[in-house]
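One structure below.
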Number of protein chains: 2
Amino acid sequence: MQFSVTEENYLKAIYMLRENNDGGGVGTNELSQQLQNKAASVTDMLKRLAEKKLINYQKYKGVVLTSRGEKLAIKIIRKHRLWETFLVEKLSFKWDEVHEIAEQLEHIQSDELINRLENFIGNPRFDPHGDPIPDSKGQFNFLKSKPLSQFNQKGNYLLTGVSEHSKSFLQHLTSVGLKIGDSIKVDELNAFDNSYKVTINKKNIQFFSNKVASHILVVLKK
Amino acid sequence: MQFSVTEENYLKAIYMLRENNDGGGVGTNELSQQLQNKAASVTDMLKRLAEKKLINYQKYKGVVLTSRGEKLAIKIIRKHRLWETFLVEKLSFKWDEVHEIAEQLEHIQSDELINRLENFIGNPRFDPHGDPIPDSKGQFNFLKSKPLSQFNQKGNYLLTGVSEHSKSFLQHLTSVGLKIGDSIKVDELNAFDNSYKVTINKKNIQFFSNKVASHILVVLKK
DNA sequence: GATAACATTTAGGGCAGCCTAAAAATATAT
DNA sequence: ATATATTTTTAGGCTGCCCTAAATGTTATC
């Protein structure tokens with residue numbers, strides 16, 4: 001069965017919002033914000049998706065993906081991340097230039113294509129933003145990284161990913177000299193505004209606002 | 001200005017049908033057949049395309065592309081052929097497997113992407129079916145090849161392309177051992193049914209029906 | 001030139017996906 | 001517990017793109 005680009009985008013949005021929302025269903029308002037449309041339009045579509053057994057939906061109670069819907073959502077995410085990797089690795093795009101193009105490419109229908117593409121780019125396990133790429137069965141190789149802002153301690157960290165993909169944020173990271181795989185040493189925590197003084201790769205001293213720190217995903221190095 | 005996938009497909013269809021139709025505009029019926037929909041739907045869309053100045057349209061008189069419409073059509077064809085070449089050259093698809101996927105990829109919007117892709121695959125001038133790939137300015141490098149069926153003489157020919165891209169036709173050519181660049185010597189012309197007895201690459205003897213010969217594009221070797 | 005055959009357009013309608021405004025349900029505050 | 005604020009749904013409507021059936025224009029035939 002084939003689904004429209006719009007339907008696929010709803011599934012992806014539900015999947016991505018659920019990751020934060022611990023457990024509970026995703027709200028209509030939340031979705032309309034993510035999808036840049038109105039709440040009434042979302043309600044409309046949720047009914048259609050429920051009929052197609054892609055989501056479980058009860059009026060006023062929010063929405064969760066069925067296993068069928070989740071499989072589809074993961075497949076779209078897989079395609080998005082593989083295309084992003086292709087664009088950066090093979091066509092030399094920068095990591096802040098690929099998101100919009102991948103938003104289009106993720107809807108191309110062909111399993112054969114995506115599997116060959118994966119092989120062509122060397123079966124990467126993470127995309128250019130450090131996000132894990134699920135395999136063709138939908139399995140993630142996951143690292144339990146967290147936002148830097150959730151560690152309230154000095155120490156040495158490894159940058160494994162980012163949770164914000166906007167051009168302006170990615171360009172900011174590039175401008176402070178930061179990329180996936182870099183080390184970040186937290187030298188000072190400012191309790192007043194929750195900002196950070198850090199050293200990147202042992203020599204580059206920078207300040208991160210809490211907002212920046214909340215979108216930087218790290219693991220603590222022992 | 002952005003156009004819908006449907007609008008792009010209409011422009012492409014008008015462009016491709018015009019190539020045969022010597023001079024005159026393309027008919028509504030003809031288009032509905034190409035686009036697999038009904039004539040009434042075509043009339044509907046032609047009005048919209050005319051308002052957007054992509055075509056010149058007069059009721060009952062058929063349709064021609066404006067220069068704006070033609071530029072767009074050529075761009076879509078350029079993208080289609082570059083993606084087909086990518087799929088065959090980089091992802092090892094066979095020439096009969098790429099058409100449907102390229103029908104989707106041709107609608108991806110990004111000039112930067114298509115130019116980088118072109119460079120990545122080595123600036124090819126012909127796609128896997130022998131069709132010329134227009135450059136980023138819309139210029140074709142054209143060879144004046146014609147269907148084999150239009151030469152009414154024995155002689156030596158070079159296969160430069162095909163005018164039918166269906167899986168079944170391409171697989172037929174593959175099965176008789178024929179690919180772009182092969183030589184075809186016409187040994188006999190059968191006046192009764194306009195079929196051909198030929199020798200491929202100097203050793204492989206085959207028979208072509210007129211239908212097959214009409215979709216094989218060749219140049220006469222001197 | 002009339003008539004038949006064919007091509008094209010109009011009229012009216014359906015569905016997907018969006019909208020606004022108003023109503024209903026739920027959550028929050030007092 | 002009631003009043004208020006917020007979220008969500010319903011009702012009704014719009015546009016893009018498709019359809020069928022009927023009307024109209026064009027072309028071919030005698």
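Because the structure is a prediction, the values reported are computed rather than measured. Chain identifiers are assigned alphabetically (A, B, ...) following the order of the sequence lines, protein sequences preceding nucleic acid strands; residue numbering begins at 1 within each chain.
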task = Determine the interplanar angle of the B:Phe169 and B:His215 rings, folded into 0 to 90°, and report it as parallel if under 30°, tilted if 30 to 60°, perpendicular if over 60°.
result = perpendicular
query = Closer than 4.0 Å, any side-chain N/O of A:Tyr10 to the OP1 or OP2 of C:dC18?
reply = yes
request  = Return no unless some side-chain N or O of A:Thr6 is found under 4.0 Å from OP1 or OP2 of C:dA16.
outcome  = no
query = A:Glu7 CD to C:dC18 P: how many Å, rounded?
reply = 10 Å
task = Can you tell me the distance, in whole Å, between the CD atom of B:Gln33 and the P atom of C:dA7?
result = 10 Å
inquiry  = Tell me the interatomic distance from A:Tyr60, atom OH, to C:dA23, atom C1', rounded to whole angstroms.
reply    = 8 Å
message = Tell me whether the NZ or CZ atom of A:Lys146 lies within the 45° cone about the ring axis of A:Phe151 and under 6.0 Å from its centre.
response = yes
key: Contact list for DNA chain D against residues 36-49 of chain B - heavy-atom distance below 4.0 Å   = B:Asn37, B:Lys38, B:Ala40, B:Ser41, B:Asp44, B:Met45, B:Arg48
key: Residue list, side chain to side chain donor-acceptor pair (under 3.5 Å) with B:Arg116, at least two apart or on another chain   = B:Glu112
task = Give me the first and last nucleotide of DNA chain D, going 5' to 3', that has any atom under 4.0 Å from a heavy atom of chain A.
result = D:dT7 to D:dT10
task = Nearest-nucleotide wise, let me know which of A:Lys61 and A:Lys52 is further upstream toward the 5' end of DNA chain C.
result = A:Lys52
message = Nearest whole Å is fine: how far is C:dT8 C1' from B:Gln58 CD?
response = 14 Å
query = Which word best sums up how the rings of A:His129 and A:His165 line up, parallel for under 30°, tilted for 30 to 60°, or perpendicular for over 60°?
reply = parallel
request  = Assign the ring pair B:Phe140 / B:Tyr15 to parallel, tilted or perpendicular, where the plane angle (0 to 90°) is split at 30° and 60°.
outcome  = parallel
message = Are there over 12 heavy-atom neighbours, none belonging to B:Glu100, within less than 6.0 Å of that residue's CD?
response = no
ask   = Can B:Lys90 be said to sit on top of B:Phe120's aromatic six-ring, NZ or CZ under 6.0 Å from centre and within 45° of the ring axis?
value = yes
remark   = Per side chain to side chain donor-acceptor pair (under 3.5 Å), B:Glu7 is matched among B:Lys52, B:Gln2, B:Arg48 by B:Lys52
